[in-house]
Each structure stands twice: as structure tokens, then as C-alpha cells.
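As C-alpha cells, the structure follows; a few thoughts come after it.
Proteins get letters first, then strands, A, B, ... in listed order; numbering begins at 1 in each.
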Amino acid sequence: MSAFVTLRDLTKSFGGFSALSGVSIDIKEGEIFGYIGPNGAGKTTTMKILTGLISSFQGQVTIGGYDLTKNRNEIHKLLGYLPQSVAFQEWRTVNHALLTFGKLSGLTETQLNERIPRTLELLGLGDVRYKKISQLSGGMTQKVGLAQALLHEPKLLVLDEPLGGLDPLSRRQFKDIVLGLAAKGTTVLFSSHILSDVQDVANRIGIISHGKIKKIGTLGELKAQFTQQRTIEVLLSGSSDKWQQLSALNGVSGVTQPQQGVVLVNLEKDTQEDQAINDVVAAVAKLGIRVRGVWLLEPSLDQIYFNYISEAEN
Amino acid sequence: MPTGLLFKDELQGFYKSKVMIFLWVGLPVIALLFRFLSAGSSGQELPFTLISSIVVSSIGGTLAAVMLAVFIINEKNRHVYDLFLIRPIKRQEIIVAKFFAVYVCVAIASAIAVLVGAVTDFATTGVLPATLLSDAAQSLATTLSMIAVSCGAGVLIGVISPSVLVGAILVIYGGNQISVVPLIPELLGLPDAAIYTIALALAFAAALLGLAAELFNRKQF
Ligand SMILES: Nc1ncnc2c1ncn2[C@@H]1O[C@H](COP(=O)(O)OP(=O)(O)OP(=O)(O)O)[C@@H](O)[C@H]1O
Ligand SMILES: [Mg+2]
């Protein structure tokens, strides 16, 4: 399938400062793309370029077959956007904001009468429909921002840190909403600093640092390429020193006990992981060690992220 | 038509943020105050209708320019426009809607002030000279066209100013003075000067608005 969103060689500088250099990203239709990177890396700048808010840049943006510089209006028909710090006029109520933005996005009065309550209910905002936005809490304001982005059911959702300020339950609900939309074909680009959330929903992940893309791939691909020590973690019940004998196993380079009850079995470079786990399980059974769990320690997105970012810093 | 929608929206905003009350009650009240102050000091009483027109034309323009400039700078810097700009509307519609919303509000305030003047004159003297009324109508027409110029200047200043402070300075430097430009035919003493004044004012206001819209189109958010 060809990409729904194509960013080619995006380059942007503010004065002499280069905020983006040569950023290229493809996002397929129905894909959820997680965009991560340190503060000031260029995530918001990328999003502002592809939403048309920043119009002076080098490079090419194509969305749904339309070229951004030639067909901004057509692209805007496809777009839902949540800015990093969403702001509304002080006098607006939630309802009024959604009415206005819905109409500007081409919804009719009848559609709005049905969709506004539905969207607010979905986000848990049913009670505040007629309240002034300026009187809502930070997280609720953020949700109103989400509501205006979702209301017209856009083909492409661009969300700049949508989870900032949301409580754990709301974050979970939000992730479910995004997953549901993507299953129906909505393409999603979102940035976040909460890597576990990115890991939960993103089909593919892009890591940016200092305006340059460091890595793009699925979580699996990022993990596979992540060259770190592969380790099996064994949780012991009871204290015994017999675990030291695990170092004698084939393909094991060493065994450590970082804390009471936890043993880490480091594997040699070409050891097959599944075989090694089997061997460890068999060995502990034979040694009469009581264990509570054995598993392969996979690099978390956090570790992968820190690895690429520290590479970029050096 | 998004401009119509945005225009209605702005008016609702003015209503909800009480801008309308302050304009429509405030301006006539200021005109009333002027009347009693001038009655007390000069001894020779001017017709209130005339005082109203003078007050409205001197305050109304500044008011319109300040309102527009502050509105636009404020909303621009708070990034309120982002959610509008990413929707399928033309950028300039935002600016044009604001222009007309403020213009209509200030124009109504001016008309109310002049009307209150005429009514007060009638109530106190019992007569309403036809010449005075037509004078007032003509000066209202001139005032309204000058307010249009001030609105144009206000929009332009709003679009180009980085901060409210700079906007306020620019309005005081030039936003108000610029509305005097259409008075040139009058100052030159041309026949039918009022018509030229109105035409010149409208053209000038349109030019300022067009320039502001063009700059807004090119703006980076
Ligand atoms: N309007 C601007 N003028 C000057 N510099 C800017 C402007 N906007 C962004 N920058 C700079 O560009 C760089 C990238 O900023 P950007 O907002 O894209 O970062 P980000 O990845 O979104 O960071 P964060 O995670 O903190 O939101 C930063 O160094 C920032 O200071
Ligand atoms: Mg950002």
C-alpha cells in the first residue's frame, strides 16, 4: 500500500537555528505513527509544517495524494489536529467551540447535534458541555482539544502530545479511541514523551533528535536492531546460592544477582534465546531451585530510546 | 460561507464577553458627560446632537483600532488561531470577519450615541431643527467611514505587532491619525467633499484590510 502521508526531506530553520534537517517519514493509511524525541527535537515543528501552520520550509509534503503547497485546502479537509498547548477564546463554551469548529470543518447542524454529545460522552466530557472552556481543568481542556480534533472524523489525525495532562484512566480511554479509529482506517501521527503509551498504540515509531530522524521502525524492528546484552531474568523464591551454577550452562556468558531473589543470566552473542530459556528452566528444576518466574528481558522502548538519543548526543 | 459564520461567531463573542454592553452603553454615556461638562464650563450650550457626533468621531476610531489590534495580537499570541487555520477556510476570512464584527459594533455604538444626542436635544428644547438633524446625519456618515479606516489600521497593526504593548504604541502613533486622511477633500474645501471623503475612506479601509489579509496569509504560526 502506498503511503497516506509522505514527508520528504523536510528542512526548516528559525533564523540561523536549524530545527529540522532532512526529515523524511512515510505513514501508511490506518497506521498509528508514534513520534518521539527530546524537548526541542523538532516534533512540533514537523507537525506544524504538515498541518500548514508553518508554510515556509524546504522539502515536500503529500497527504492523501495532495501536495501541501498546492492543495492546502484539500488537505485541511482530511485533517484533525490537536496542538501541543491547545487554546480557545475565553468566552467559548465547550458546546460553542465544537459547533464552530465542526461547521468550519464542513459538518451540518444535524450532524453536529448528533456528534457533539457522542464525542463528549466518549471523552467523558458529557457534564461540561455548556461550561466555559476557560473554567475547565487543564486535563479537561486538553480533552476538549481532542474533541475538536475527532468531531469531524478526519482521515488524518495529527496529535501533538495528546496524553499530556490526562489521568491514567483517560489515557487508557484515549488509547482505545485511537486504536478503534485506526482500525477503521484513520491515519494517526502523534507525539508523546510517555514511551509506554507509544509502545501500547503505535504501529511504527520514529525517533527524532536535534532535527534529524535517528530511527524509524516497528517496535519489533527497533528491538531487533538494538544491540544490547540479551539477558534472562530468573526470580527466585527463597534464598539459595545454587544459582551460581547456572553459569556453567551452554551459551551463558555469566550470571549475576543484582538483588536478593533476582538472578540475571547473560547470554553469549550467538545463543538461541528459546533454547537458552529451556536450558535455564531445566537447570533450575534439576538443581532444586524454587523459582517464581523465568523470562527473556526484552529492551523496553525506554532503553531503545535512550540508546539512540545518547548516540545522537555523542 | 465561513466568513458569515466567523462574523456571527465574533459578534457572539463580543456579546458574551460584554464588549457590546460597554460599547453601546459606554459611548452614549461619555457623550452625555461631555454635554454636562461643556454646559458647566462654557456657558454657551452646544446642541447635544453635535456634541455626540464629535465625541463619537474622536473616540470611536481609536476604540475600533485598539479593539481590533488587541484582539488579534492577543489571539495570535495565545495560538487561538491554530484551530481555525487547519480547517478548510481561507486564512483571510478570519481577519475580514473580525474587521466587520468590530466595525458593526462600533458603528452601532456611534449611531446610538448620536441618536441619544438628538433625543436629548428634543427632550430639553422641544424642537429638533431639520438642519441640525441633517448635519448630524452627515457627520455620522463621515464618522462611520473614518471608523472603517481606523478598523483597517487596527487589523493591520494587529497582524504585524509582536505584542499588545507594541500594538498599543502603534495605534497611538498612527492608527487614529491615519483616519484623518479621508478628510483631505474636506480640508481642501472641495465641493461635495463629504462624498469624496466617504469614497476615499472606504477605498483606504479596503486597502488596509487587503494588506493585513495578505500579511496574515503569509504568517508563520
Ligand atoms: N517560532 C520559532 N522561532 C524560533 N525557534 C523555534 C520556533 N519554534 C520552534 N523553535 C525551535 O525549534 C526547535 C524545535 O522545536 P519543537 O517545538 O519542534 O520541539 P519539540 O520536539 O516539539 O519539543 P517538545 O518535546 O519540547 O515539545 C527548538 O529548539 C525550538 O526552540
Ligand atoms: Mg513539541
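Other residues, nucleotides and ligands contribute more than 12 heavy atoms inside 6.0 Å of the CZ atom of F221(B). Heavy-atom neighbours of K175(A) NZ from other residues, nucleotides or ligands within 6.0 Å: above the threshold of 12. Within a 6.0 Å radius of CZ in F4(A), more than 12 heavy atoms belonging to other residues, nucleotides or ligands are found. Counting non-hydrogen atoms of other residues, nucleotides and ligands closer than 6.0 Å to CD1 of I195(B) gives a total of 12 or fewer. More than 12 heavy atoms of other residues, nucleotides or ligands shown are found within 6.0 angstrom of NZ on K16(B).
Counting only heavy atoms from C-beta outward, the side chains of V158(A) and I86(B) never approach each other to under 4.5 Å.
A pairwise comparison of heavy atoms in P83(A) and L83(B) identifies CD-CD2, 3.6 Å as the closest pair. Between R87(B) and S105(A), the shortest heavy-atom contact is NE-OG, 2.6 Å. Counting all heavy atoms, side chain and backbone alike, K219(B) lies closest to S55(A) at O-OG, 4.4 Å. Between E10(B) and Q89(A) the shortest heavy-atom distance is OE2-NE2, 4.2 Å. Contact record, L5(B) with T100(A): CD2-O, 4.3 Å, taken as the closest heavy-atom pair.
If you measure heavy-atom distances from V86(A) to chain B, the contacts under 4.5 Å come from the side chain alone. Contact annotation for K77(A): both backbone and side-chain heavy atoms come within less than 4.5 Å of a heavy atom of chain B.
Note: H96(A) leads E90(A), H152(A), K132(A), H96(A) in heavy-atom pairs under 4.5 Å with chain B. For chain B, the option among K48(A), R72(A), Q148(A), E74(A) with the highest count of heavy-atom pairs below 4.5 Å is Q148(A).
Taking CZ of R78(B) as the start and CZ of F88(A) as the end, the distance is 10.0 Å to the nearest 0.5 Å. Atom-to-atom distance recorded for W91(A):CH2 and K18(B):NZ is 13.0 Å, nearest 0.5 angstrom. Atom-to-atom distance recorded for I89(B):CD1 and N73(A):CG is 9.0 Å, nearest 0.5 angstrom.
For R92(A) and D9(B), the salt-bridge test passes: some basic side-chain N is under 4.0 Å from an acidic carboxylate O.
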Could you go through S85(A) and H79(B), starting from their C-alpha distance and side-chain angles, then the distance that decides it, and tell me whether this counts as side-chain contact (heavy atoms from CB on, under 4.5 Å)? CA-CA 8 Å; S85(A) 39; H79(B) 285 277; 6.0 Å; no
Go through the steps for F84(B) and F101(A) under the test side-chain contact (heavy atoms from CB on, under 4.5 Å), then give the verdict. CA-CA 7 Å; F84(B) 292 88; F101(A) 291 128; 3.7 Å; yes
